[in-house]
Number of protein chains: 2
Amino acid sequence: MLDLAVLGLLRDAPLHGYELKQRLADLGFWRVSFGSLYPGLKRLERQGFIESLRDGGRKKTYQLVPKGQSHLEFLLTEETDTVEEERHFHLRLAFFRYLDGATRIKSLDRRRNELVQRLADSRRSMRKVNGRGQQRPDRYTRALMERGVRSTEADIAWLDQLIAAERSEQARPSSTELFQGGSQWAK
Amino acid sequence: MLDLAVLGLLRDAPLHGYELKQRLADLGFWRVSFGSLYPGLKRLERQGFIESLRDGGRKKTYQLVPKGQSHLEFLLTEETDTVEEERHFHLRLAFFRYLDGATRIKSLDRRRNELVQRLADSRRSMRKVNGRGQQRPDRYTRALMERGVRSTEADIAWLDQLIAAERSEQARPSSTELFQGGSQWAK
DNA sequence: CAGCAGTATATCGGACCGATATAGTGGGCG
DNA sequence: CGCCCACTATATCGGTCCGATATACTGCTG
């Protein structure tokens, strides 16, 4: 989790610990705590994935070393049979630019399959909990379950868009697209 | 987190640890692990919030005691200045039936304010990351950030619905609604 | 120049997780 | 009948991540 985040962010440029936290927060889905970050950076250094150099007194700059780069590649492509939790997948997506198109589609498809499975589970448990076995759920529990279904559906639709975009990108490759992009939402 | 889940689920009826896990999974937003659950149950028993009784050999039935019930009330109403993370709020919602209308609305409003704040932060960091300071984000990072905004917006709209429903419920109270409910999605 | 917000690193105890161990139960199927 | 397999059920271990807290420097604003 943290390893993927740190190695991914350091891939393009060295950063301070504090900067890493901010960059990660900017992605919007994980506000990592210092209680994870600093021990995590130590761990990564001990494992030989990154190097730190003191930078004018109290600051420390962290940079990726080759061993860390190959570990990053591993983390981006490994097939974790564990549920591929949301955060993990989003993190991967944030570093998709380091993967080739085929690998991206594979990863997107995996995620999609999990969500379809989860959707089926949600619907099943709605039926179950509404059956004659136990007390019917109150309207808040119902709202909660419905929200789960709707947001999973929205995520599947979102993935479908990403998959379609990736396929059409592969059909008509334009080398600059991924890095520059049109800033449609730039305001 | 776990405390709230366990005490809330035991409020209406005693359950086995394994059943607790299943009930929680049925709510759809948290598949608690045994590595949390069983140590957690021990902790709650040690603190005097629940009691366990062996039930024909290897099973254990857990039940709420009065001290646990008042702790549940505390957990449901305390104002955690910590981010009121999603899971925590959803858990509260699952036990909203134990709160009065005014407290419910207060809790919904708090959550809504947080989401509005988060939405503003997301939009700000989109603008920031698109500025001339650093490298423009690739299309996957963009998709990720857009998704964050959309899902936060959807959640705010969802909360608005719940708040409206709660208000109209308070205007026209019908004692059975909350517990029975029309099973619109029962099919 | 006092105060306050932001930058920056670090540690501590505790919550939660995934993996793993162990074992009983109940059903399907040859 | 005997075998296997999936499910029920409890438990522990090492490790990750978190919130709280401490410390201290910087830069701005009133």
Side-chain angles (χ1 to χ4, degrees), chain A residues 1-7 14-26 29-47 49-50 52-62 75 78-88 90-91 121 124 128, chain B residues 1-7 14-26 29-47 49-50 52-62 75 78-88 90-91 121 124-125 128 133:
Chain A
M1 196 69 269
L2 184 64
D3 296 17
L4 176 55
V6 169
L7 299 180
L15 292 168
H16 298 145
Y18 198 86
E19 282 178 304
L20 282 165
K21 189 182 194 296
Q22 289 179 118
R23 294 287 182 101
L24 209 43
D26 287 343
F29 57 90
W30 187 23
R31 317 192 83 80
V32 70
S33 78
F34 290 122
S36 310
L37 183 59
Y38 288 113
L41 286 168
K42 271 195 174 172
R43 192 176 67 224
L44 286 167
E45 190 169 14
R46 184 164 29 85
Q47 291 170 328
F49 295 138
I50 60 175
S52 70
L53 31 138
R54 288 219 102 90
D55 169 20
R58 71 188 194 294
K59 288 191 195 178
K60 265 188 191 174
T61 300
Y62 295 91
L75 291 176
E78 75 176 325
E79 301 194 3
T80 58
D81 74 340
T82 61
V83 203
E84 276 270 30
E85 72 173 305
E86 186 166 83
R87 235 191 246 165
H88 190 302
H90 287 345
L91 214 37
D121 289 349
R124 191 172 40 70
K128 169 187 172 185
Chain B
M1 196 72 264
L2 184 64
D3 296 19
L4 177 55
V6 169
L7 299 180
L15 293 168
H16 298 147
Y18 197 86
E19 281 178 304
L20 281 165
K21 189 182 193 298
Q22 289 179 117
R23 294 287 182 100
L24 210 42
D26 288 341
F29 57 88
W30 188 22
R31 319 191 84 81
V32 70
S33 77
F34 290 122
S36 309
L37 184 59
Y38 288 112
L41 287 168
K42 270 195 175 172
R43 193 177 62 216
L44 286 167
E45 190 170 15
R46 183 164 30 83
Q47 292 171 327
F49 295 139
I50 60 175
S52 71
L53 30 138
R54 287 221 102 90
D55 169 20
R58 71 189 193 292
K59 288 193 197 175
K60 266 189 190 175
T61 300
Y62 294 92
L75 291 175
E78 79 176 322
E79 301 193 3
T80 58
D81 74 338
T82 60
V83 203
E84 275 273 28
E85 72 173 305
E86 186 166 84
R87 234 191 246 167
H88 190 302
H90 286 345
L91 213 38
D121 288 350
R124 190 172 42 69
S125 91
K128 169 187 172 184

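Residue numbering restarts at 1 for every chain, and letters A, B, ... go by the order of the sequence lines. Because the structure is predicted, anything quoted here is derived from the model rather than measured.
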Candidates C:dC16, C:dA10, D:dC18 - which lies nearest the side chain of A:R54
C:dA10
Figure out the CZ/C1' separation between B:R43 and C:dG13, and round it to whole Å.
13 Å
Rounding to a whole Å, what distance do you find between B:L41:CG and C:dC16:P?
12 Å
Could you tell me the separation between the OH atom of A:Y38 and the P atom of C:dC12, rounded to a whole number of Å?
16 Å
Counting N and O atoms only, with roles assigned by atom type, does the side chain of A:K21 sit under 3.5 Å from a partner on the main chain of A:V32, one being a donor and the other an acceptor?
yes
What is the separation between atom CH2 on A:W30 and atom C1' on D:dC18, rounded to the nearest whole Å?
10 Å
What is the distance, to the nearest angstrom, from the NE2 atom on B:H16 to the P atom on D:dT8?
13 Å
A:E85 CD - D:dT16 P separation (whole Å)
14 Å
Short side-chain N/O contact from B:K60 to OP1 or OP2 of D:dA11, under 4.0 Å:
yes
Taking the inter-plane angle between the rings of A:H90 and A:F29 on a 0 to 90° scale, is it parallel (under 30°), tilted (30 to 60°) or perpendicular (over 60°)?
perpendicular
Between NZ of B:K59 and C1' of D:dA11 the distance, given in whole Å, is 17 Å
Between D:dT12 and B:K42, is there an OP1 or OP2 to side-chain N/O distance shorter than 4.0 Å?
yes
Interatomic distance where CG belongs to B:D55 and P belongs to C:dT25 [whole Å]
13 Å
Could you check A:R58 against A:D3 and say which one's nearest nucleotide on DNA chain D is further toward the 5' end?
A:D3
Just call it for B:L37: base, sugar-phosphate, or nothing, with non-hydrogen atoms closer than 4.0 Å on any strand.
nothing
Taking the side chain of B:F34 as its heavy atoms from C-beta onward, which of D:dA11, D:dT8, C:dT9 lies nearest to it?
D:dA11
Would you mind classifying the nucleic acid contact of A:G35 as base, sugar-phosphate or nothing, using non-hydrogen atoms under 4.0 angstrom?
base
Would you say A:S36 places a side-chain N or O within less than 4.0 Å of OP1 or OP2 belonging to D:dC17?
no
Note, B:T61 side chain near B:L15 side chain (heavy atom, < 4.5 Å):
no
Measure across B:H88 and B:E78 and return the closest heavy-atom pair with its distance rounded to 0.1 Å.
NE2-OE2, 4.4 Å
Please evaluate residues B:D26 and B:R23 with respect to the criterion salt bridge (Lys or Arg N to Asp or Glu O under 4.0 Å), reporting the C-alpha separation (whole Å), side-chain torsions for both, the decisive distance (0.1 Å), and the verdict.
CA-CA 5 Å; B:D26 288 341; B:R23 294 287 182 100; 5.6 Å; no
